[in-house]
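Fair warning: this is a prediction, and the values are worked out from it, not measured in the lab. Residue numbers start at 1 and run along the sequence shown.
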Amino acid sequence: MKDNVNQRLKERLLEILSVSIVTMLFIYTNAKMGNHLSIGIITIIVGIAGFIVYLKEWVSNRVVKGAFFSLSLLSIMAFFLADIWFYRYYATPMNSYLWMQKSNLNGLGESIFSMMEIKDALFLLVGIPIAESFVKKKYPLKHMALIPALLFLMVAGLKPVKNIFIDKVDITRRYEANTFLRNWGPIGHHVLDTYAYFADSGRHVMSADDKKAVSDYFNKKTKPFHDLSGSLKGKNLILIQVESLQAFPLFQKSAGQEVTPFMNELAKEGLYFPHVYPQTVFGNSSDGELITNTGVYPLKQGATFFRFPYNDFPGLAKELKKSDYQSFAFHGDEEDFWNRQHAYPSLGFSEYYSIEDMQQDEIISMGLGDRSFFNQSYKILKDKQDPYYAFFVTLTSHVPFSLPKERITLKPEAGKEESYLTKYFEAMHYTDSAIGEFVKKLEDAGKLKDSVIVLYGDHDGLFLKDKPTVEAYYGRKISDDEWMAKYMPIPVIMYQQDMEGKTIDKVAGQVDILPTLYDLFGIKSSTYFGESMLNGKEGRALILKGDYGSQMKINAEGKVEEFSPKDQREIDLSDQVIITDYFKQSGD
C-alpha cells in the first residue's frame, strides 16, 4: 500500500515537473520576444503546457509514446526557438506568410547563426527530462488523463471567452504586426495568425466605395512645378538600392577615414535627402524594391512579392517604357530570392540578371560580392541602347556584415576593432567603393553625363535593439528621440552632372521616392501614394512596422505621432490596391 502511494506521488511530481518545464520554456520564449506576461497569457501557457504533457497518455505503447511525443515536443521547442531568433532580427514574430518564403533560407545561414546565443542551447536540453517522463510514465487507464487535460484547456480558454462574450472584442482584429503577440503571447499569436492567414487567403473583390476612394485619391494628386521639374527627361536612370544603408554612416569617419567617401561626394553634388524613413514590412529588401518602383505601400501582412507576384503593378519601368526606355534589373543573389523572377516582370522589367547569369568569382556571405557584381553588370549595361532604366540591388552589406579580411580597407577606431558597428562601417565602406568604381566606369565611357544616379537604403541595418552597441561605440547614451531622428532614417541621393548640390532636410518616406522621380523626369502619371519631396509642402512618413514593431507617423518636425484616420485610410487603400489587383481590374 505504501509503495503504491509512493509510486503515485512520484508520478504526480514528475507530472508537475513536466508541466512546469514546458511552461517555463514558453515563458522564456515570451520574454525573449520582448513581451510582458499577463494573467491571460499565463493561462494560455499553462493550459497548453498541461495539454501537451497529458496528451501522451492517449498512446498506450510506451515506446511509441516516448518516441512520438519526444519528437513532437522537441519540434515545438525548435519552432519557438526559431521564433526567438526571428524576433531578435526583425522585432516581430514569425507569421504564416513566411512559409511562402521558404526559398529565402538559401544563403541565409550566416545571418541566422548571428542571431543565436549560447544560452539558447539550454532551450532544447531541458526537454530531456520531459522526454524521459514520456517514456517511463504510464497510467493504468488512459481516460484518467482526460479530466486534467480538459481542466487545463478550460484555463487556457478563460481569456478569449472573456474577451469575446463579456468584453465583446474581436480577437482576430490585428491593428499592427505585434498585436497578437502582445495580447496572446507567442502561442496565441500563432493560433490567431494561422486563422487570419486562411481567412485572408485568396483574392478579394474591392467594393465600389473603395474603388471610388482609390480613384479619388489618385485624381486629387497635384503636380508640383519648379525649376527642376522635367529637368531629367530622356536621361538614363540608374537606381541603386543599397542593402542595410542608413543615413548616419554618411559623413562619418573611422580613425580619420571616411566610411562612405563616394556617397558623400554624390550627396554634396546632387540632391541629398537625409531624413527619409524606411517603410518596409515583412518583405524587407523586396518591399523596398516594391515601394520605390511602384509608389504603393507594402502589404501589412506577408511579402507582396510572394503573395501577389503576378499583379499588374503600375510604376517606373512601365511609365518610362512609354518614352521608349528599356528596363533592366540586376542582383547578385539567386534569381528566386524573394521571388524576384516572377515579381520583376510584373514591375515592367524586360530583363533580370542574377547570380546565375554572372561568373561567381567573388562570393561573400549570401552571394556575389558587390565589386564583382557591379563590374559584371557594367559589362552587360555598356552595350545597352539609350535611354534605359537600370535597377541594381546590392548584397554584401547584409547582416551580419562579415567581410573577408582581404576585403576590409577601412581603418577601425582603436579599441573598437570587434565592435558590431565597426563591422557595419567596414561593409558599407566596401559597397561604397564598389559603387564608386562602377560610376567611374560610366564616366570614363562618356555615359555619366547622360545618366542620373539615384542611391537609397532599403531598410535599417542597425535596429533599436542595437542601440546599446551604438552607445558603447560612441561612449554616450542615445535617447529614443535621437535614435528616431538620426539612426533610423535612410539616405536618398539623386545625382546628375549638371545638377547643383542641395541638401533637403524634409521628412519623407520611401513611398515619396517614386513621385520625386516622376517630377524630375516629367512623368504625368499620378497612380501612386506619397508625394514629390520637391513639392515644397511639409513632409511626413507613415511607418507600418519599424523598429518598435508598431505603426507610427513621423511628422514634419521628426516627432512621433499616432496615425490619424486619414493616415490609416491611406494605408488600407494601398493594401486593397494590392490584394484586389486594382490596376488590372480598373484598367488604370
Side-chain angles (χ1 to χ4, degrees), residues 94-108 197-198 200-204 239-241 243 279-321 325-358 366-368 373 377 380 388-395 398 458-459 510-511 514 527-528 574-588:
M94 292 191 296
N95 64 65
S96 300
Y97 291 107
L98 290 172
W99 302 115
M100 302 171 66
Q101 302 164 210
K102 56 184 180 295
S103 62
N104 277 5
L105 292 175
N106 295 334
L108 278 178
Y197 172 78
F198 286 106
D200 194 43
S201 61
R203 192 172 298 283
H204 295 242
L239 187 61
I240 303 175
Q241 176 173 294
E243 173 65 43
Q279 295 172 307
T280 59
V281 191
F282 292 101
N284 302 315
S285 297
S286 70
D287 276 355
E289 297 156 44
L290 173 81
I291 299 168
T292 307
N293 279 282
T294 68
V296 301
Y297 293 97
L299 290 171
K300 289 177 284 187
Q301 293 299 323
T304 307
F305 276 19
F306 276 98
R307 288 187 63 188
F308 301 104
Y310 304 110
N311 272 22
D312 183 10
F313 291 107
L316 202 49
K318 292 179 180 179
E319 290 297 328
L320 289 171
K321 187 176 182 180
Y325 278 69
Q326 302 176 76
S327 294
F328 315 104
F330 301 82
H331 190 34
D333 207 333
E334 297 171 354
E335 69 170 6
D336 62 350
F337 197 60
W338 283 117
N339 211 28
R340 289 183 173 100
Q341 83 279 22
H342 297 301
Y344 276 175
S346 298
L347 298 182
F349 291 106
S350 55
E351 294 182 60
Y352 168 34
Y353 300 93
S354 64
I355 193 172
E356 287 91 347
D357 302 302
M358 301 181 185
M366 292 176 62
L368 194 62
F373 166 64
S377 295
I380 297 171
Y388 58 73
Y389 165 36
F391 179 57
F392 296 87
V393 179
T394 75
L395 187 61
H398 194 282
D458 58 354
H459 53 69
Q510 282 172 316
V511 77
L514 178 127
T527 54
Y528 54 78
S574 180
D575 237 36
Q576 286 297 305
V577 162
I578 296 173
I579 292 171
T580 63
D581 201 358
Y582 168 83
F583 292 101
K584 179 177 288 185
Q585 301 305 321
S586 66
D588 283 6

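- The backbone N or O of Gln326 sits nowhere less than 3.5 Å from a side-chain atom of Ser350 that would complete a donor-acceptor pair.
- Inter-residue side-chain proximity for Gln241 and Phe391 is flagged as met; some heavy-atom pair is nearer than 4.5 Å.
- Distance check: Thr304 OG1 to Trp338 CH2 gives 10.0 Å after rounding to the nearest 0.5 Å.
- Heavy-atom minimum distance, Thr280 versus His459: OG1-CB, 3.6 Å.
- Residues Asp312 and Lys318 have side chains in contact (heavy-atom distance under 4.5 Å, counting atoms from C-beta outward).
- Using a 4.5 Å cut-off on side-chain heavy atoms (C-beta onward), Leu299 and Arg307 make contact.
- Residues His342 and Tyr310 are in side-chain contact: their nearest non-hydrogen atoms beyond the backbone lie under 4.5 Å apart.
- In this structure, the side chains of Phe313 and Leu290 come closer than 4.5 Å at one or more pairs of heavy atoms.
- Ion pair Arg340/Glu334 not flagged as a salt bridge, since none of the NZ, NE, NH1 or NH2 atoms sits closer than 4.0 Å to an Asp/Glu carboxylate oxygen.
- Side-chain contact check for Asp458 and Ser285: at least one donor-acceptor pair (N or O, by modelled atom type) lies under 3.5 Å.
- Residues Leu368 and Asp333 are not in side-chain contact: their nearest non-hydrogen atoms beyond the backbone lie 4.5 Å or more apart.
- A donor-acceptor pair under 3.5 Å is formed between the side chain of His331 and the backbone N or O of Val393.
- How far CD of Glu319 is from OG1 of Thr294: 12.0 Å, rounded to the nearest 0.5 Å.
- Across all non-hydrogen atoms, the minimal contact from Thr394 to Glu243 is OG1-N, 2.9 Å.
- Thr527 has its side chain within reach of Phe583: a pair of non-hydrogen atoms, C-beta onward, lies under 4.5 Å apart.
- Within the 4.5 Å cutoff, no side-chain heavy atoms of Leu514 are placed close to those of Asn293.
- With rounding to the nearest 0.5 angstrom, the CD atom of Gln279 is 6.0 Å from the CD atom of Gln510.
- Here the shortest heavy-atom pairing between Gly348 and Ser327 reads O-CB, 4.1 Å.
- Here Phe308 contributes atom CZ and Asn339 contributes atom CG; the two are 12.5 Å apart, rounded to the nearest 0.5 Å.
- Distance OH/Tyr344 to CZ/Phe328: 14.5 Å, rounded to 0.5 Å.
- Residues Phe392 and Ala390 approach most closely at CE1-CB, 3.6 Å, considering heavy atoms.
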Residue pair Phe330, Tyr352: steps toward the ring pair (Phe, Tyr, Trp, His ring centres under 6.0 Å) verdict: CA-CA 6 Å; Phe330 301 82; Tyr352 168 34; 8.8 Å; no
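- For the residue pair Asn311 and Ser346, the shortest heavy atom distance occurs at O-CB, 3.3 Å.
- Taking every heavy atom of both residues into account, Glu356 and Glu335 meet most closely at OE1-N, 3.1 Å.
- Taking CG of Asp336 as the reference point, atom CZ of Phe305 lies at 13.5 Å (rounded to 0.5 Å).
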From CA spacing to verdict: side-chain contact (heavy atoms from CB on, under 4.5 Å), Ile380, Tyr353: CA-CA 9 Å; Ile380 297 171; Tyr353 300 93; 3.6 Å; yes
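- Aromatic ring centres of Phe349 and Tyr389 lie closer together than 6.0 Å.
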